[in-house]
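Position 1 is the first residue of the sequence, and the numbers go up from there. We count ligands from 1, going down the list as the structure has it; atoms in each ligand are counted the same way.
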Amino acid sequence: MTDTRISLAGVLGNPVAHSRSPRLFRHWLTRYDLAGYYVPIPVAEADLEQVVRTLPAMGFAGINVTIPYKEAVLEVADLVTDRATLIGAANTIIFRRDGKIHADNTDGYGFIANLQQNAPSWKPDNGPAAVLGAGGAARAVLTSLIEVGVKEILLSNRTRPRADALRAEFGSRITVVDWVQAGNMLEAATTVVNTTSLGMTGQPELRVPLDGLRSDAVVTDLVYSPLQTRLLREAKEIGCTTVDGLGMLLHQAVPGFERWFGVRPVVDDDTRAAVLE
Ligand code: NAP
């Protein structure tokens, strides 16, 4: 018998009303003329496990997971991919036909795919990478930089022990630099990544001095609101190739969409426009 069910997926978090994912998935469903729905799923912490376990019975093929449940959802999963284990969080859950709940993390994939699309000359062996920040997003960035073969990573965070802990976990390719010295580490870097929330609307500006920034560096900011952060604006003036954070958000959704709706979607200017509407 043919499976005539309409695919269902969604984004689970608390709150989720702000999420751009429903707009993104609607855009792709329309573009590829697919029957399917992608809905926001707001869930209270006490109900997390019960809701996740019930969704497959309601016909959901999978869900994206956002703040504050990216870590907690690992506890509910039956299988966790290596990259989600390394990152310590999941953003994509697949409800398998055998009933198993499979947790993955596609943030690192999205980060690298965004760089490759928008800075095509970027290569892992271009030189050292400088990473600002040591929170959840930094874990995904570090995991993916190491996975694609970047040999040297300079890491700086306001709270140094968090950066030291990442070095202890991810290994000797990482050198920790004091936050007050963060400007100096840019002199060697051919890739610069802001993974802090600084520069985001409503947050203070990132004030690391950029005088040492190389004009051949690729500079990317995970912050995507605003799209052009001060870091990206100033780096562009120096002559750097700059990549905004929206592409990472779009690319991280590609594996889930393909899995749940059967088409590998393309990220292009129309996709960006649809999400920014
Ligand atoms: P997080 O776990 O809360 O980490 C926040 C980071 O920002 C920490 O390194 C923190 O340093 C630093 N920070 C915050 N306020 C600071 C300040 N006043 N001075 C210096 N450092 C400060 O958050 P996250 O999940 O990693 O997210 C970080 C940013 O990435 C957010 O803006 C988020 O929207 C963005 N993001 C974007 C994507 C995308 O797809 N583009 C994906 C994930 C995240 P301390 O350790 O010292 O507190």
Tabulated below should be the N or O atoms of ligand 1 paired with protein N or O atoms at under 3.5 Å; can you produce that?
from	atom 1	to	atom 2	distance (Å)
ligand 1	2 (O)	G136	N	2.9
ligand 1	7 (O)	S197	N	3.3
ligand 1	9 (O)	A134	N	3.0
ligand 1	9 (O)	N157	OD1	2.7
ligand 1	11 (O)	N157	OD1	3.2
ligand 1	18 (N)	R158	NH1	3.2
ligand 1	26 (O)	G136	N	3.1
ligand 1	26 (O)	A137	N	2.7
ligand 1	40 (O)	L249	N	3.3
ligand 1	41 (N)	L222	O	2.9
ligand 1	41 (N)	G245	O	2.9
ligand 1	46 (O)	N157	ND2	2.8
ligand 1	46 (O)	R162	NH1	2.7
ligand 1	47 (O)	R158	NE	3.0
ligand 1	47 (O)	T159	N	3.0
ligand 1	47 (O)	T159	OG1	2.5
ligand 1	48 (O)	R158	NH2	2.9

N/O donor-acceptor pair under 3.5 Å between D78 side chain and I101 backbone
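A pair under 3.5 Å: yes.
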So, R167 side chain and I174 main chain: donor-acceptor pair closer than 3.5 Å or not?
yes
Out of curiosity, Y32 OH to R264 CZ, how far, rounded to the nearest 0.5 Å?
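Going from the OH atom of Y32 to the CZ atom of R264 covers 10.5 Å.
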Pairwise distance OG1(T85) to CG(N105) - rounded to 0.5 angstrom
10.0 Å
What pairs of donor and acceptor atoms, side-chain ones from residues 58-67 against any protein atom, are under 3.5 angstrom apart with sequence neighbours left out?
from	atom 1	to	atom 2	distance (Å)
N64	OD1	Y38	OH	2.6
N64	ND2	N91	O	3.1

Could you check whether N184 and Q181, counting side-chain N and O atoms only, form a donor-acceptor pair closer than 3.5 Å?
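A pair is found: one side chain offers a donor N or O, the other an acceptor, under 3.5 Å apart.
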